[in-house]
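Bear in mind that the values here come from a model prediction, so they are computed numbers and not experimental data. Atoms within each ligand, like the ligands themselves, are counted from 1 in listed order.
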Amino acid sequence: MPHAGPASTRRRLIRLLLWGLGLAGLALCMWQTAQVAREQALQSLRQDAENELRLSAAGLTGHLSRHDYLPELLASREAVKRFLASPDTQNPLPLNRLLDRFRATADVSDIYLLDRHANTLAASNWYRPDTFIGQNYRYRRYYQEAIAGRSGRFFGLGVQSGERGYYFSAPVWLDETAPDARPDGVMVLKVLLTAVEDSWAEQDAELLVTDRDGVIFLASQPALRLTAMAPLGEAQRVALRASRRYGDEPLPPSGLREIEHRDERTRLVSFAQGPLAGQPYLSLTRPMPAFDWHMHILKPLTPVINAQWVSALLAGGLYGLVALGGGIGWQRLRLRRERERFAERERQTLARARDELERNVANRTRDLVATNRRLSDEIEERRRAEQSLRETRDELVQAAKLAVLGQLAAGINHELNQPLAAIRAYAENARAFIARSRAEAADANLGQIVELTARMAEISAQLRQFSRKSGDTLTAVSVQSCFDYALRLFQARLHEGEITIERRWPEATAWVRADPVRLEQVLVNLIGNALQALAEAPSPRLTLAIETTPERVCIEVADNGPGIPEDHLARIFEPFFTTKSTGSGLGLGLSISGRIIDDLGGRLEARNAAGGGARFTITLPRDGGPDGERARTKEQSHHA
Ligand code: ADP
């Protein structure tokens, strides 16, 4: 990681701590096991040492005690006593030989006889240059004890041989029965100890024997012989020199060091120098009270150390295995936890994404619903607006129609007033003729009245028809009929203005698909406008034309009036565009006409004719005409 956060630092610290703990645990486990193994190995080593020591001590005691009785036995020999009675006068050779024979039989080093002054009289080594004969051993303990009447024992270095030996002595009595008898000589037997040491050499242990001063007197290791277990004090040295036990031997310290004191008899030791240095030993001590000695056994600690190491290594290995297992388990646990955490995170992310999606969908749905509602509202509103627009337009159409009616009113007035005046006149005439009893003449006048009222009824019917509201259904409409109808409405004005009407249409009825009322209204508008434009024209002419193509029908209303100024051409279809004075024009006619023709699927166009005047053209889809007689009859009756 490029930068470590505090969490990872803490994790690293924890890992370090765990490692430390693990290692400390390992060390503790190994150490503890080593301690236990060491204790056990020491215990068994001590057991072995104890056994070996007991055996060795018994061996040594046996080896020495074997000779215990021998000096006394020799002291009681007649030959010895005889020689001791008069040593100067006798040949010592037979006794010397006897002693030598005994020496060989008993397998001891030397046997010799001292007189009461400790001079050696006879000896088994009489033939050797360093024979004891002639030597005085007054200073030896074995002499002093024996001359006192007891059997004596001593160990020390031989004065002549320098060899370590063990001495047994017994007093020799010439006459034991005397009341104040004192010993007349001393019989001494010397045993060499090297043989015992030689037997120790095969043992897997070092054996030592120390005297009460701690001087190592016997040792399986030659270098340790005649050394002091612990350095000797000056007083001890003086006393030892006086006893001449060890002659002039320097008795240096053995170099033994105590490592651990386990109990009275058990210690762990090592040597500072010498051949035994560099290795620790278990030291076990056993007193040999019969000799006033102590016997020691030194067992090398190698097996203990080995056991210690082996156990420690085993324990370490076991610990390592357990730790490895634990580590693997922990790792797997951690991996599983990591995986679970990952899966959980994934799940959460997915859940979040899903929630978000759902939220988005909900929002979007809400938006959509809102938009939908708004759209529905708008559609509804538009529908209502269209409805009201349609209604308004219908009303407008009607209003425009009424406006045309208004314009027509003057003419209609004229049309109605004229017959009214005529009827009045005819009625007055009829009354006069009746008063004169001229029934025939009166009847003729009444006949005129009937004719006139019929004509007035026709005019009224025409007006009613124009003012009626249109239906919604389209039917086949004859264009010629529509023209005829419109012209009839303007009959009076046409007549009045002396307007020439030019009809340019084919014989065959031109059928269009339309609402007859509306189409009539359009034609009335166009003709009305043309008549207004022709009001001042010198020789006014109205041209009405119909042309058919297979698809369409072209209807044309043209006049030879002043025409439409070019800049008005584009605007005349706008609602409320008018050039006429208030009262004579609303400016709605063309815009409504245009709309009506649009609704019928056609086109209304205006332009100025080449020869002057305005020309309006209606193009409508052609219709095949009504099917059957019934429809035609209805059509005709409709326009009757
Ligand atoms: P209005 O007749 O009430 O003015 P219209 O929409 O019918 O309304 O006509 C709009 C205008 O078009 C008229 O004011 C007139 O200027 C012009 N116009 C219509 N027909 C003709 C025509 N035949 N000749 C000249 N001008 C015309």
Side-chain angles (χ1 to χ4, degrees), residues 392-412 466-467 470 479 482-483 485-487 489-494 496-504 517-546 554-600 602-619:
T392 311
R393 209 168 61 197
D394 286 352
E395 277 161 21
L396 254 180
V397 168
Q398 196 62 17
K401 208 150 63 180
L402 292 179
V404 172
L405 266 183
Q407 284 170 20
L408 290 174
I412 289 163
F466 182 69
S467 64
S470 63
V479 183
C482 284
F483 265 142
Y485 168 82
L487 286 174
L489 270 184
F490 290 107
Q491 201 173 7
R493 276 169 66 182
L494 288 169
E496 227 168 56
E498 292 176 344
I499 295 166
T500 316
I501 296 171
E502 192 181 339
R503 291 181 175 83
R504 287 202 305 224
V517 182
R518 290 275 160 97
L519 185 57
E520 281 163 10
Q521 186 178 349
V522 172
L523 295 181
V524 166
N525 272 335
L526 295 180
I527 292 170
N529 279 345
L531 293 186
Q532 276 179 327
L534 290 173
E536 314 260 294
S539 51
R541 189 171 66 244
L542 179 67
T543 309
L544 307 173
I546 301 171
C554 233
I555 307 163
E556 195 179 281
V557 177
D559 60 69
N560 58 348
I564 308 160
E566 280 302 316
D567 53 332
H568 288 175
L569 261 181
R571 301 186 56 204
I572 53 172
F573 291 103
E574 287 173 12
F576 304 108
F577 177 82
T578 179
T579 55
K580 292 164 194 171
S581 58
T582 329
S584 50
L586 281 174
L588 281 175
L590 282 183
S591 85
I592 287 172
S593 298
R595 189 66 57 82
I596 288 171
I597 297 303
D598 271 357
D599 286 350
L600 294 177
R603 217 166 53 237
L604 172 60
E605 291 161 311
R607 63 176 189 279
N608 286 313
R615 173 178 296 183
F616 288 84
T617 312
I618 301 166
T619 315

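Annotation: Thr578 places an N or O atom under 3.5 Å from an N or O atom of ligand 1; distance criterion only. An N or O contact shorter than 3.5 Å links Leu590 to ligand 1 by distance.
Side chain of Asn560 to backbone of Ser539: a donor-acceptor contact under 3.5 angstrom is found.
Heavy-atom minimum distance, Ser591 versus Glu574: CB-C, 4.0 Å. Contact record, Asn608 with Ile564: ND2-O, 2.6 Å, taken as the closest heavy-atom pair.
Which parts of ligand 1 touch Ala614 is read off a 4.0 Å heavy-atom cut-off, strictly below it: atoms 22 (C), 23 (N), 24 (N). Here is the list of ligand 1 atoms found below 4.0 Å of a heavy atom in Ala533: 22 (C), 23 (N), 24 (N). Taking every heavy atom of Phe577 and a limit of under 4.0 angstrom, the matching atoms of ligand 1 come to 10 (C).
Heavy-atom distances between Phe616 and ligand 1 reach below 4.0 Å in at least one pair. Within the 4.0 Å heavy-atom cutoff, Asn525 does not count among the residues contacting ligand 1. Within the structure, ligand 1 has Gly563 among the residues with a heavy atom less than 4.0 angstrom away.
In this structure, Arg503 has no salt bridge (Lys or Arg N to Asp or Glu O under 4.0 Å) partners at least two apart in sequence or on a different chain. Under the rule for a salt bridge (Lys or Arg N to Asp or Glu O under 4.0 Å), the partners of Asp599 that lie at least two apart in sequence or sit in another chain are Arg393.
In this comparison of Thr579, Ile527, Leu542, the heavy atom closest to atom 15 (C) of ligand 1 sits on Thr579.
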Legend entry - Residues Glu605, Arg607; criterion salt bridge (charged side-chain N to carboxylate O under 4.0 Å, His left out); working and verdict: CA-CA 7 Å; Glu605 291 161 311; Arg607 63 176 189 279; 5.5 Å; no
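Within 6.0 Å of the CD atom in Glu502, the count of heavy atoms belonging to other residues, nucleotides or ligands exceeds 12.
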